[in-house]
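The structure appears right after this line, and notes come after that.
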Amino acid sequence: MGYIHCCGGLRKTRSFRLSPQDDFVLCELDYLNKCPVCGHTAVQLTRIDKDNNISTIRKTNSKALKFFSKLKDKILYEEKTFNNLNTFSGRFYLYYNEYGVRKRCYSNLKNLKLGLKTLI
């Protein structure tokens, strides 16, 4: 998933990989349907040539829609990212409660001192 800088922030976009033309190695198209702040449509084409020079072309609003429709037939595939975050909890355990007092674990019988005889 790509990002376009719009209205002072990075906005998530749909990313498309294009077939490279001329002397370019990589062509990528980022499409922002609607900016949540200003409501503009933005399209950015990023190309990398054989000498690792980067060129970008950015269009907004009606020019962006025309530019996107013009490049639509050159799209190879859409890049999709999957969120592989596990929703279950990890193995971290906090040994203090909300008052800063150390929690006591009664399942650990080694720490219990109830049945011990002391020699006095």
Side-chain angles (χ1 to χ4, degrees):
M1 180 169 292
Y3 293 94
I4 290 181
H5 191 271
C6 185
C7 299
L10 291 174
R11 312 292 176 208
K12 289 184 181 179
T13 61
R14 293 174 59 193
S15 293
F16 300 98
R17 188 62 57 100
L18 301 177
S19 59
Q21 298 133 4
D22 301 332
D23 293 332
F24 294 106
V25 177
L26 178 74
C27 295
E28 187 172 300
L29 182 74
D30 293 320
Y31 176 70
L32 177 64
N33 189 20
K34 183 179 178 184
C35 176
V37 177
C38 63
H40 290 166
T41 302
V43 173
Q44 181 173 334
L45 176 66
T46 307
R47 300 180 296 186
I48 301 175
D49 64 357
K50 293 178 182 176
D51 298 328
N52 288 333
N53 296 324
I54 298 173
S55 65
T56 59
I57 301 170
R58 182 186 166 109
K59 306 279 184 185
T60 56
N61 293 332
S62 63
K63 290 182 181 180
L65 295 174
K66 290 177 187 174
F67 188 62
F68 183 69
S69 64
K70 181 177 144 184
L71 293 175
K72 204 175 239 185
D73 60 338
K74 295 180 175 123
I75 293 175
L76 296 176
Y77 58 91
E78 180 178 357
E79 296 178 2
K80 295 200 177 202
T81 58
F82 297 102
N83 191 358
N84 292 333
L85 294 176
N86 295 330
T87 56
F88 57 87
S89 63
R91 295 184 179 183
F92 176 75
Y93 182 74
L94 184 64
Y95 291 103
Y96 293 91
N97 64 6
E98 63 270 14
Y99 303 110
V101 180
R102 189 173 172 106
K103 291 181 184 177
R104 297 182 186 197
C105 180
Y106 293 107
S107 64
N108 191 355
L109 299 176
K110 192 168 38 171
N111 290 337
L112 291 178
K113 308 233 187 252
L114 293 175
L116 290 178
K117 294 182 183 178
T118 57
L119 299 172
I120 301 179

Checklist entry - Would Val25 and Ile57 show up in the same hydrophobic cluster when neighbours are defined by side-chain heavy atoms closer than 4.5 Å? => result no
Next on the checklist: Is there a path of hydrophobic side-chain contacts, each under 4.5 Å between heavy atoms of I/L/V/M/F/W/Y residues, joining Leu26 to Leu76?
Outcome noted: no
Item to check | Test item: Tyr3 and Arg11 side chains (from C-beta on) under 4.5 Å apart, heavy atoms | outcome: no
Checklist entry - Could you give the distance from NZ (Lys74) to CG (Leu45), rounded to the nearest 0.5 Å? => result 10.0 Å
Next on the checklist: Using 0.5 Å steps for rounding, measure from the CG atom of Leu32 to the CG atom of Leu10.
Outcome noted: 11.0 Å
Got a sec, which residues hit side chain to side chain contact (heavy atoms under 4.5 Å, CB included) with [X], two or more places apart in sequence or on another chain?
{"X": "Ser69", "answer": "none"}
{"X": "Asp73", "answer": "none"}
{"X": "Thr56", "answer": "Gln44, Thr46, Ile54"}
{"X": "Asp23", "answer": "Lys50"}

Non-hydrogen atoms of [X] and [Y] that approach each other most closely:
{"X": "Ser19", "Y": "Cys27", "value": "O-SG, 4.4 Å"}
{"X": "Leu29", "Y": "Val43", "value": "CD1-CG1, 3.4 Å"}
{"X": "Asn52", "Y": "Ile48", "value": "CA-CG2, 4.0 Å"}
{"X": "Cys6", "Y": "Arg58", "value": "CB-NH2, 4.1 Å"}

Checklist entry - Any side-chain donor-acceptor pair under 3.5 Å between Ser15 and Asp30? => result yes
Checklist outcome for this item: Here the ring pair (Phe, Tyr, Trp, His ring centres under 6.0 Å) pairs for residues 18-72, sequence neighbours left out, are Phe16-Phe68, Tyr31-Phe68
Item to check | All salt bridge (charged side-chain N to carboxylate O under 4.0 Å, His left out) counterparts of Arg17, not counting sequence neighbours | outcome: Glu28, Glu79
